[in-house]
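Worksheet: the structure to be examined is printed underneath.
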Number of protein chains: 2
Amino acid sequence: MDGSPSPASPAGLSAYVAVSQLLGLTLLAATGAWLGRYRGGVAWQSPLQFNTHPLCMVLGMVFLQGDALLVYRVFRNEARRSTKALHALLHGLALLIALVGLVAVFESHRAKGISNMYSLHSWCGMAAFVLYLLQWLLGCGFFLVPGASFSLRSRYKPHHIFFGIALFAFSIATCLLGITEMLLFNIRDSYSHFVPEGVLANVLGLLLVAFGLVVGYVLTRDDWKRAPLAEEMALSMDFKTLTEGESPGGSQ
Amino acid sequence: MDGSPSPASPAGLSAYVAVSQLLGLTLLAATGAWLGRYRGGVAWQSPLQFNTHPLCMVLGMVFLQGDALLVYRVFRNEARRSTKALHALLHGLALLIALVGLVAVFESHRAKGISNMYSLHSWCGMAAFVLYLLQWLLGCGFFLVPGASFSLRSRYKPHHIFFGIALFAFSIATCLLGITEMLLFNIRDSYSHFVPEGVLANVLGLLLVAFGLVVGYVLTRDDWKRAPLAEEMALSMDFKTLTEGESPGGSQ
């Protein structure tokens, strides 16, 4: 940011991040291929409105949520404030896209006279969305709005990180449930004959798991955690002295 | 172990472990209730053989696997060797029970002429079982058999821990897929009317997620990690000096 040479990323991190992005783009392409090739495509005001749901959920609740989690690893040498803003922005975008996906499924069910909220997928999905929204609001409240003390922030931070990763895993599990529901509603009789649609959707499921695994590995590897920059250390020590609270400037 | 007073467990840990066990027993009871009340019960040599599958998988791949992960937190003041043996033993038992569950589904499918390994649940389930077996074998090879050096063990340990938690989450996701499959095969038409069987199975799904969440929280909370006991520290320093490798005696 200030023109001084950036410290290098830890060995291997860039390769894992690249693999995660390749997996992310592949799973988006696989979702598009499934909906386009076998489910008639995606449209809003038509019987195809339902298909907007899986596309938005994979894009918002998986790909963008995963990338929002990765920003502290990828932009490790940028100012914390910028990284934090990008983290919040990507999660906000993910939430907006997921909301469109939710509206799509409720409107499509209403048009077709299908009941809502009876399946395990719908229960998990609604729980994941509401908790994700809550996590985002709490994150903004604690880390973006200036009110919270350093001590409060540092006590909340490990919980924010744990629930962030848990919600990401839960979102992926909910997508797997959605894939299974869609297949059993649409190709129940031919699914067991290994028809291409079933195989493609299963592969999409495995890609979702692989994406979650790689993102989870990058996030939890101890020596890849973001260390505070030199100027943040100095600043946080000053604040600590001023407020007599703890410093939240540790690795995350 | 030697009669000296044990250091107290960290505040809150016992409560969380108790909640996890309560959830674990409740989800086993819910599985039993579902199979007993709505699916005719469990038996081996009969058309009910299939029902052995969900029971064994919830018991082995979720409850016992989760408890095997918790032993380092629960028995934090016992000798590392005993804790390690219990950890391996519980995982081994979980694998055996899961194997019975696998045999049950394959035999039941054969008897009824149903295809195998076509669904996302079966792909995920087979992957989870094979990877869990591999993880167990690697764990025994690195940590129980005396051959591996301290340096090798300490390099493998973080990967063993990450994949252990990831496999546990994946096993739970696979159970959710199995619940959805069973419901859509058995009560597809009445599921949307919120019939008791559907609601009970959905609740079982949420209990599985809650169990995973509590176990995951206990495992990943930094200040609840098992610190090496005083005698282990001394012993590991001696070995480190002798072998010039690193000590694997850090917290886990």
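Nothing here was measured: the structure is a model prediction, and the numbers come from that model.
In this structure, Leu213(B) and Phe163(A) have side chains that are in contact, with non-hydrogen atoms separated by less than 4.5 Å.
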Using only the distance criterion (under 3.5 Å, no hydrogens considered), which donor-acceptor pairs connect chain A with chain B?
| residue | atom | partner | partner atom | Å |
| --- | --- | --- | --- | --- |
| Tyr118(A) | O | Asn202(B) | ND2 | 2.7 |
| Leu120(A) | N | Tyr191(B) | OH | 2.8 |
| Leu120(A) | N | Asn202(B) | OD1 | 3.4 |
| His159(A) | NE2 | Tyr217(B) | OH | 2.8 |
| Leu184(A) | O | Arg188(B) | NH1 | 3.1 |
| Arg188(A) | NH1 | Leu184(B) | O | 3.1 |
| Tyr191(A) | OH | Leu120(B) | N | 2.8 |
| Asn202(A) | OD1 | Leu120(B) | N | 3.4 |
| Asn202(A) | ND2 | Tyr118(B) | O | 2.8 |
| Tyr217(A) | OH | His159(B) | NE2 | 2.9 |

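Atoms CG and CG, from Leu206(B) and Leu120(A) in turn, are 6.5 Å apart once rounded to the nearest 0.5 Å.
For Phe185(A), the parts sitting under 4.5 Å from any heavy atom of chain B are the backbone and the side chain alike.
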